[in-house]
Structure formats: C-alpha cells, structure tokens
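Chain identifiers are assigned alphabetically (A, B, ...) following the order of the sequence lines, protein sequences preceding nucleic acid strands; residue numbering begins at 1 within each chain.
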There are 2 protein chains.
Amino acid sequence: MTENKLDTEEKIKAAAAKLFTQRGYAATKTRDIAEEAGINLSLLNYYFRSKEKLFNLIMGEKIRQFFGIVVPVITDASLDLELKIELFVEKYIETLTQNPDLPIFVLNEIRNDPKHFVEEIGANKILMSSSLMNQIRAKNPEVNPVHFIMNLMGMSVFPFLSKPVFMASQVVDENSFRALMEERRKLIPIWMKAIVESK
Amino acid sequence: MTENKLDTEEKIKAAAAKLFTQRGYAATKTRDIAEEAGINLSLLNYYFRSKEKLFNLIMGEKIRQFFGIVVPVITDASLDLELKIELFVEKYIETLTQNPDLPIFVLNEIRNDPKHFVEEIGANKILMSSSLMNQIRAKNPEVNPVHFIMNLMGMSVFPFLSKPVFMASQVVDENSFRALMEERRKLIPIWMKAIVESK
DNA sequence: AAATGATTAAAACAATTGTTCAAATATTTT
DNA sequence: AAAATATTTGAACAATTGTTTTAATCATTT
C-alpha cells in the first residue's frame, strides 16, 4: 500500500531528524533511529540506502529551514528596515521556540562540512546583495553591515544556543525562558534601532 | 624519566583537546588522538584509564576556560559598568580568536551533559548575584538583566559560532573576520551602552 | 653488569555499528 | 486466483572501536 510506504518513510525521517539534531551525526546510531521510528533496522537501508544519505537529506532540510525562514523578509524591497527587523526577529524566535535544537545542530554540521552547506544554499550571495543590507548601508554607511547582521542574529539566536547553560545554572526554567523570548520579540527591534543610530 | 612522562601526558592532552573540540566526543576516535599525539594507542589508557575520563578532563578545562575568563571582571565591584563591558568584550574576543572552536564545543557538550557542567562550575549563582548584574539592575530596573547578558554574550560569542557560515558564504575570509572582530572590540561597548539607555 | 621498575609497542579481544542477505509476509497486477 | 512486485523481518557479516594483555625496550639503581 502506498500510504503505508509513505508512513514508514516519514516515520524514519522524523526519528532521524529528532536524533540527528539532538545528538549530531556521529553519536546517532542507526539502531537508535530504527527503535525511535518503531521499525526494523533493515528498513532504514531499504528506504534510504545508508546512514550518510539519510543524514544528508535531513541536513539539507534543516539548513533550508534555518536559513530559509528569513529570506523572503530580507529580500523584499517593499518592507522598510524597521519592519524587516521586526519580522526577522519574530520569525526566528517563533521557529526556534518550536525547534530549539535547530541552531546548534546547523552550526555544528556546517562547520563539519561547509561544502554541503554551500551546495544546499545555491545562492550564497543573497545576503550581501539583499534589500536588507542596502537599507543598512544607507542608514549607516560608516559601519560594515555584517556587524549589523551578526548583532541581529546573535541577539535572536544566541539565547537558544546558550539555553542549556542558563537552564543548568538555574538562571531560567522552561517557562521563564519562554517569557524572556516573548519579551525579546519586542525588545530586539528597539535595541537594533538604538544600535544603528548609535554614535 | 619524570620529564618524559609529563611530556607524553601533555602531548596526549593537547591532541585530545584539539580533536575533541574540533569534532566532539563521539566523532573523536582514540586511535586519532594517539596518532595526533604521536604516541602508541595503549598509552592513552595507560595514562588516562579511558576515553571518557580523558574527555571529562579536557571538558572541565574547556568549561573553566570559557566561563572563567570573565568571572574576575563581572565580580569586581570596583569596576564601573562601562569598564566591565569593555573588559568583558576584550577578554572574550581575545580568547576566542585564539580558540575559535571553544564556544561551539562547550555549548554542545553542556547540552549533552548539563550535570557535568554544574559540577564543574561549583558556584553557579555567581552570575545573578554578581556586581555586573547589580549595576545593570541599577541602570535599568525595568528590563530583566538576563537580556543584557544574552546581548553581551550574543554579540561577542555568536560571531565565532557562525564564522563557518560566513566563511562558506564568502561574506568574510580569515583576514577580514579578524579585522571585523577587532572592530567589534570597540563597537560592542558603544552598542551596549545604547541598548541599556534605550527607550 | 645485573636487576628493577617504568615506559612503549604490537597484537588480540570483545562489543558496537553500518550494512547486506535470504526468507517471509503483504500488496498489487494480470 | 495466480503471478509479480513491494515491503518487512531476523540473522549474519565485516569493519570499526575502546580496551586489555603480553612482551620488548629503556632508564635507573644496586
């Protein structure tokens, strides 16, 4: 039955995505994926040929998820800078709240295999030539706009990267972290404005 | 000879530190460490009992390195807020320029084993009760000071976490990245001031 | 020079892990 | 219904990997 086939294939992909993002490539065993998916180990190779091919598939999806979120925002010339920032922050905090393991996984695996990232994100010059970058340059021509994007991403993404540290230190718990992120959704645009206009 | 003993022990530790921080625990093989150190495989177990014990040793050192840098700064009540920020940024950018793999390794492994982190950093309440936090609270009582520390760390550390992305995207190369970080050393304190005083 | 103890090397072991195979079961097509 | 095809299963294989063992080498002491 064709539906059953999609079912198991999706089950394997979901299990693989969960474990790969949580543990990384090397620490994830094919038997763990099979168990998590509730399927026989052989089916993994039957459907995806090898652990590596399955990983590359998941990896590609995660890369597109992580970087694709904001592409429509940063490229849309009809949005002014202020609105772009608001949407950028909102999209990231929303997506990462649902997928807290996404950033550390993506950053890790890009470092391990930068080529795969370049192949996956066909147009890698999108960022520098984007409407967002031009608007930043116009606003403050004296500062390299890369600083701006590092600040914007840093303030949005870093909290999720460092969440385990703040949790372990008992600085936040699951609920207060969520509340903090809600606050940041409104605060980061204000801070970014202050940064761009500073000095 | 006792000097030779220290020599090989240090060689193994250096090799282990390099490979563990670059690849993580699971992807690092004991045989790779031995080869990198230029020693026989058996010596690893002879000196450190097991891969896991060796890893915990390295891990502890890296955690202390990553978090220890700024403890003297954030706890010293004789430094005013502005100077604290300057020193904080300077220390981090300096240390991470020398050890670019440090943050992603530390954040990764803390997520994998938060308990080890808590045991390693005995006093985990240092941050919240630090002189730095009190100075922030005094300056802007309306905003949770955790936001402030996330911004400060995010702006300082995130560039190193995302460096492989910007390199692969050809947004920066090794030299321009270094130059950017030099700029940030001066800019982040200015931006942080703008943030704290915003609204 | 012989003996002792520390250090190093090579080989082997046992468990793990990715993958394949052959048979069984289920589904679709003729 | 029979044949053909697709899916699932359990066992097995081969390579990898952390660790241990046994013997050899080296430096130091007697």
Checklist entry - Can you find a donor-acceptor N/O pair under 3.5 angstrom joining the side chain of B:S50 to the base of D:dT19? => result no
Checklist entry - Can you tell me how far C1' of C:dA15 sits from CD of B:E52, to the nearest Å? => result 16 Å
Item to check | Given C:dA10, C:dA12, C:dG18, the nucleotide with the shortest approach to the side chain of B:R31 | outcome: C:dA12
Checklist entry - Rounded to the Å, how far apart are A:N45 CG and C:dG18 P? => result 10 Å
Checklist entry - Do B:Y25 and B:F55 have their ring centres less than 6.0 Å from each other? => result yes
Checklist outcome for this item: All heavy atoms of B:V196 vs all of B:N140, minimum pair found to be O-ND2, 3.3 Å
Item to check | Length of the line joining A:K51:NZ and C:dT20:P, which is rounded to integer Å | outcome: 15 Å
Checklist entry - Looking across every strand, which nucleic acid part, if any, lies under 4.0 Å from A:L41 by heavy atom: base, sugar-phosphate, or nothing? => result base
Checklist outcome for this item: note: B:L43, atom CG; D:dC26, atom C1'; distance rounded to Å ~ 13 Å
Item to check | Shortest side-chain distance from A:S42, nucleotide among C:dA10, C:dT19, D:dG10 | outcome: D:dG10
Checklist outcome for this item: To the nearest angstrom, the OH-C1' distance between A:Y46 and D:dT7 comes to 5 Å
Checklist entry - Is any NZ, NE, NH1 or NH2 atom of the basic residue among B:E94 and B:K91 found under 4.0 Å from an Asp or Glu carboxylate oxygen of the other? => result no
Next on the checklist: Rounding to an integer number of Å, can you tell me how far B:I12 CD1 sits from C:dA9 P?
Outcome noted: 11 Å
Checklist entry - Is there a donor-acceptor contact under 3.5 Å linking the side chains of B:N134 and B:S131? => result no
Next on the checklist: C:dG18, OP1 or OP2 - any side-chain N/O from A:T30 closer than 4.0 Å?
Outcome noted: yes
Checklist entry - With respect to A:F67, which candidate in A:L127, A:I126, A:V106 satisfies the side chain to side chain contact (heavy atoms under 4.5 Å, CB included) definition? => result A:V106
Checklist entry - Rounded to the nearest Å, what distance is computed from the CG atom of residue A:D7 to the P atom of nucleotide D:dT8? => result 9 Å
Item to check | Rounded distance (Å) that lies between atom C1' of D:dT17 and atom CG of B:L19 | outcome: 15 Å
Checklist outcome for this item: With the side chain defined as heavy atoms from C-beta on, A:Y47 is closest, among C:dT19, D:dT8, D:dG18, to D:dT8
Checklist entry - Of all the choices, C:dA9, C:dT20, D:dT8, which nucleotide is nearest to the side chain of A:T8 once you look at every atom? => result D:dT8
Checklist outcome for this item: 5'-most contact on DNA chain C (nearest-nucleotide basis), A:R49 vs A:K29, goes to A:K29
